[in-house]
Every structure is written in structure tokens, then in C-alpha cells.
Amino acid sequence: HPTSRSSSAASDVYKRQRLHQVGDIDDPVAGRLELAPGAVLDVAGITQVYGPESIATAGGSIHLQADTGGIAVANGSLLNVSAGSENLDAGQIGIRLDSRAMEADETPLAVLEMSSGAILQSGSRGGRFSLDSHSLVVDGDNSGLAYSALSRLLGEGFSDRRSIRLRGQAIEHDAALSVRAHDVRLVSDSESIVVRGTIDASGQGIATVRENGGIIMMAAGDSINIESGAVLRARATPDTSGNPATGIKGGEVELVALDADGDDPGSELDRVNLMSGSLIDVSGGENRVFAADDFLVAAEQQLDGKVRVHTRLLDASSGSFVAGNLDAVITGAAVNDLVVTNRIEDSSIDATDIGDMRLQTQTFMANAPADVDGFRVTPGLLIESSGNLEINDEWDFFANAPSNWHFGADSVTGTLTLRAAGDITVSANLTDSYFDRPGLPPISPDLVDRLDTAATGAWSYKLAAGSDLA
């Protein structure tokens, strides 16, 4: 445990010391937290020898939190979450600052200050890093390129997940930077995200928990710009020839620009731009070929990945929406959707609300183009509540006409997102089921088997209670 830690109401400082333990370090402070030069926070796994046997442990967790101040990580300080063996996963580093912390003149206090001489160590396998802050400064640079400098500090480690949220600062991924992690999430609440280099969330080994392609998710209050030369890759683990291995799935790329900060009422800037010369690759492998007697039923899998761009609905009656440049080369996408999102504030959803939303959605789908630059146009509903949110009446997306939510000759479906700062309560059925009620013919021959209809898919649901809507 700490041997030379100074504390006051304003700050906690780890001086020249070694804090080493197997397990976790969780250090929330009320004011400013500083890791001084030479400070060491070490929760690396260890290897113990018991006679002929060696037993290793995984890496632990380091959580740093400042509620009313900033965090500074100085040159020469070390945060180590490595595993005790290359066959085990590293641990995680989580850094969180309360973005509401301000000086009297409203200067943000929630700033992570990093030195490029700090060492963030996760070893050769796995490891997770997360940051939630108003802004980031690396060696005095408080521009969007501070993200690129932080990514270089993380190096080739932290390959399981990297999650960066900057609530008051842009994120810029420079052309020379290549980030490799199975789950990459970038959020800029009030600024833009620009990618000029490579983000690779591809599978990391056949017969491992990360063999399928991973996830790249970006959300910006302003625009997302994937520039010429940029690469977003979430392919299946390759075989010896370099192609996605047989039977392994591609990943997902999800890009969201909905003017969350409300500073673009004219719909001129806040959009997703996939510039010509950029590449998105979510390729999966081929289906496995089974012998006739291997299985009673062997259904073909959809192994290629998904690309979804979320944009804003402008006017349902005219079918208009915000559309940026969508000129990237898309490879290996089974789903390539432009999700046109109707953002609604409500706390209680009843049958009347459902009927109104369906009519508006149907009107939009009747007037909108079927696709834009190769992206299928699909509907999206984002329902948000600053308190609790409740669904009081049944919401059946596959109800009988005229209440069906599968639109057009191709039975196009969409995405429903429910977000509430408080609780979400589903008091009635929320369904897009294939059957009117449980059972199978010939036991119950009057059932409607919707697998025999022209339906090509179902609505997607995302429910997030306790959401930070700031």
C-alpha cells in the first residue's frame, strides 16, 4: 500500500514510491489527483512456482477518478496491469473525471494531463483502457491530436478494448497512427472526430474469444470524417493465406452523428463523411461445409459483418434527412445501412404514441429513397427521457396491417433505441416475433409461421437505463 502519499482536500499526490499488489487499485479523490515522477501503480499478475508447477495470475485493475479536479500523470510514472503469463489476459486501466467540475470562470477542471514519458503497460495479450474526461492534454497539446499522442503511449498493448470519451474536445487520429484493439469506441460529445490513419478491430486468433471481427464505434456531437487513406478494419481472424478464416464472423462498424449538442439546426455540418479513398472492411469467412450426416439441420450462417451510419431525420413528409459523403469502399458487409433517426423526448409510451410514431415512420419510408450511395435507407427511433421511461402498451413491430413496422416490398426494418437517465420499465410486450403465440405445427396448426413470410429481418432494440444524457 502507499508509503509516501500526501493528501489534502484539494489533491492527492503519489510521490516516488511503489504501490504493488495483486488485485485492484481504486482511487477516487475529491480534488486533483497527481502521479508524480517515478510513481508506480503496479497490479501486474505474478507467477508462483510450486515444485514442478508454475501458476500465473491475470493482470488487475487500476481505476483513477477525480470528482472536482483534474488528473496528472507525470514523466516516468508507471501504471502496470500486465498478466503474469503471456497465456493470460492483462487487466484494465480506467480514468474518469467529472466533466461538470469547473472553475469560477467556467474553465473546465476535468482535464487529464499526460506526459509522453509516462508508461502504461499491459503486456502482450488483452488489456483494456478507458478514459472519460472533458479534455485531454499530452505534453501541453490540448488539440484533437492529443488523442493520437495518447494512443501512441498505449502502444501495441491494451488490445482487448480502448474506449475514449472527450466531452469537450475533438478527436483526431493522424495518418501515421495505427490502433489495434478488438473493441474501439471513440466519443466526442461536442466536437468532431477525424480519422486519417488505421483502426483495426479484426479477429485476434482462431479458437480464441476474440476470433470474430470486433467493433469500431464512433459518436460525435458534430461530424465524423473518415478521410481519404483512412482504414477501418474489423475482419474475421485470417487463415494461413491471409483471407478471413472459414466459419468465422466479420465485425461491426457503427458511426453516429446526430447533432447531440444541438449546435447545427441548419443541418449543414454535423454528419458522417466517408471520403473517397477510405476503406471499411468487415469481411467474414466462408461457411463451413458439413457432411450430410453431421447434423439434422445445418443452416447457412451470415458471416460477413455490418456497417451502420446513423444520421438525422429532417422531415418525414418529404423523406428528407442529413446525408454526408458516403464514398468509402465497403468490403464484406452483409448489412450496409444508413439509419435515419427520429429523435424523440418522452417518458411514457402508450398505444397512441406508438401509432403516431409508426405513421410518421411509414410516411418517411414512403418518401425516402431506397438507398444512398450503396447504403440501404432504414428507419431509426431514438426515444430519450431525462428521468424514467416506461412502455405501457404492447409494441408489436410485426402486428397485422395497418400496424406493421416492416416497410415496403423488401420488408425493411429499423433500430429502436430507448435511453433514460433513470429507469426503463417495459410493462407490456415489446416484440417483433415470428409467431403470434408459442407453439409449433402440427400441435397448434393455426399458428402463423412468420419464417414462411417475406420478412427478411427484425427490428433491433437498444435499451440503456441510467444513461448519461449530458
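Residue numbers run from 1 in the order of the sequence given. Predicted model, so just to flag it, every value in this text is computed and none were measured.
Summarising the geometry, atom CG belonging to L154 is positioned 6.5 Å from atom CD1 belonging to I164; distances are rounded to the nearest 0.5 Å. The CZ atom of R233 sits 10.0 Å away from atom OG1 of T331, with the distance rounded to the nearest 0.5 Å. Here the straight-line distance linking atom CG of D239 with atom CD1 of I206 works out to 6.5 Å at 0.5 Å rounding. With values rounded to the nearest 0.5 angstrom, S130 atom OG is found 10.5 Å from F158 atom CZ. Taking CG of L418 as the start and CG of L381 as the end, the distance is 9.0 Å to the nearest 0.5 Å. Note that CG of D141 is 13.5 Å distant from CE of M114, once rounded to the nearest 0.5 Å.
One finds a salt bridge joining D189 and R165 here, because a Lys/Arg side-chain nitrogen approaches an Asp/Glu carboxylate oxygen to under 4.0 Å. Salt-bridge annotation for R125 and E86: absent, with no side-chain N of the basic residue lying under 4.0 Å from a carboxylate O of the acidic one. Under a 4.0 Å N-O distance rule, the pair R312/D264 qualifies as a salt bridge. Contact check on D89 versus R210 returns a salt bridge, with a Lys/Arg side-chain nitrogen under 4.0 Å from an Asp/Glu carboxylate oxygen. Salt-bridge check for R32 with E113: passed, with a basic side-chain N closer than 4.0 Å to an acidic carboxylate O. Taking the charged nitrogens against the carboxylate oxygens, D468 and R167 do have a contact shorter than 4.0 Å, which makes a salt bridge.
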Trace of the side chain to side chain donor-acceptor pair (under 3.5 Å) decision for D261 with S190: CA-CA 6 Å; D261 56 357; S190 59; 5.1 Å; no
Margin query: Determine whether K306 and V282 satisfy the following criterion, side-chain contact (heavy atoms from CB on, under 4.5 Å), listing intermediate values before the conclusion.
Written below: CA-CA 7 Å; K306 301 175 182 178; V282 290; over 6 Å; no
For a side chain to side chain donor-acceptor pair (under 3.5 Å) check, start with the C-alpha distance between E254 and H310, then their side-chain angles and the critical distance, and finish with the verdict.
CA-CA 8 Å; E254 194 150 9; H310 297 255; 2.6 Å; yes
Margin query: For D281 and S283: C-alpha separation, side-chain torsions, deciding distance, then whether side chain to side chain donor-acceptor pair (under 3.5 Å) applies.
Written below: CA-CA 6 Å; D281 187 352; S283 300; 2.6 Å; yes
| Given S77 and E34, is the side-chain contact (heavy atoms from CB on, under 4.5 Å) satisfied, shown in steps? | CA-CA 10 Å; S77 57; E34 298 181 16; over 6 Å; no
Between E211 and V209, does a side-chain contact (heavy atoms from CB on, under 4.5 Å) hold up when you go through it step by step? CA-CA 6 Å; E211 69 173 4; V209 295; over 6 Å; no
Review point. Does the pair L97 and L131 meet the rule for a side-chain contact (heavy atoms from CB on, under 4.5 Å), with working shown?
Key: CA-CA 8 Å; L97 301 94; L131 169 64; 4.3 Å; yes
Exercise. Would D174 and R152 count as a salt bridge (Lys or Arg N to Asp or Glu O under 4.0 Å) if you check the C-alpha gap in whole Å, the side-chain angles of each, and the deciding distance to 0.1 Å?
Worked result: CA-CA 11 Å; D174 69 44; R152 288 189 168 88; 2.8 Å; yes
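In this structure the side chain of V377 never reaches within 4.5 angstrom of the side chain of V412, judged on heavy atoms. At least one side-chain heavy atom of Q121 sits less than 4.5 Å from a side-chain heavy atom of L78. When side chains are defined from C-beta on, L79 counts as touching L35, because their heavy atoms get closer than 4.5 Å. Annotation: side chain of L469 is in contact with side chain of R419 (closest heavy-atom distance under 4.5 Å). V194 has its side chain within reach of E227: a pair of non-hydrogen atoms, C-beta onward, lies under 4.5 Å apart.
Between the side chains of E390 and N388, no donor-acceptor pair of N or O atoms lies under 3.5 Å. Between the side chains of S192 and S223, at least one donor-acceptor pair of N or O atoms lies under 3.5 Å. With hydrogens and angles left out, the side-chain atoms of D200 and T198 include no donor and acceptor closer than 3.5 Å. A donor-acceptor contact closer than 3.5 angstrom is absent between the side chains of T425 and D423.
The shortest heavy-atom contact between E172 and L145 is CB-CD2, 3.8 Å. Closest of all the heavy-atom pairs between I248 and T237 is CG2-N, 4.0 Å. A pairwise comparison of heavy atoms in T378 and T413 identifies CB-O, 3.5 Å as the closest pair. Nearest heavy atoms, L258 versus L382: CD1-CD2, 4.0 Å. Minimum interatomic distance between G221 and D263 (heavy atoms only, all atoms of both residues): O-OD1, 4.4 Å. The two residues Q169 and S188 make their nearest non-hydrogen contact at O-OG, 2.7 Å.
At distances below 3.5 Å, at least one donor-acceptor pair connects side-chain atoms of T311 with backbone N or O atoms of V322. Using a distance-only test at 3.5 Å, with no hydrogens or angles considered, a donor-acceptor pair links the side chain of D432 to the main chain of W459. Checking side-chain atoms of S278 against main-chain N and O of G229 turns up no donor-acceptor pair under 3.5 Å. A donor-acceptor contact shorter than 3.5 Å links the side chain of S228 to the backbone of S276. Within the 3.5 Å criterion, the main-chain N or O of R343 finds no donor-acceptor partner in the side chain of T341. Between the S133 side chain and the L136 main chain, no donor and acceptor come within less than 3.5 Å of each other. When atom types are taken as modelled, the side chain of N212 and the backbone of K249 share a donor-acceptor pair closer than 3.5 angstrom. In this structure a side-chain-to-backbone donor-acceptor pair under 3.5 Å is present from N336 to G374. No donor-acceptor distance shorter than 3.5 angstrom exists from the side chain of D337 to the backbone of V339, with no hydrogens or angles considered. Checking side-chain atoms of N273 against main-chain N and O of N325 turns up a donor-acceptor pair under 3.5 Å.
Shown here is E286, whose CD atom has no more than 12 heavy atoms of other residues, nucleotides or ligands within 6.0 Å.
In this structure, Y461 and F397 have tilted ring planes: the angle between them lies in the 30° to 60° band. Taking the six-membered ring for Trp and thresholds of 30 and 60 degrees, Y147 and H173 have ring planes inclined between 30 and 60 degrees apart.
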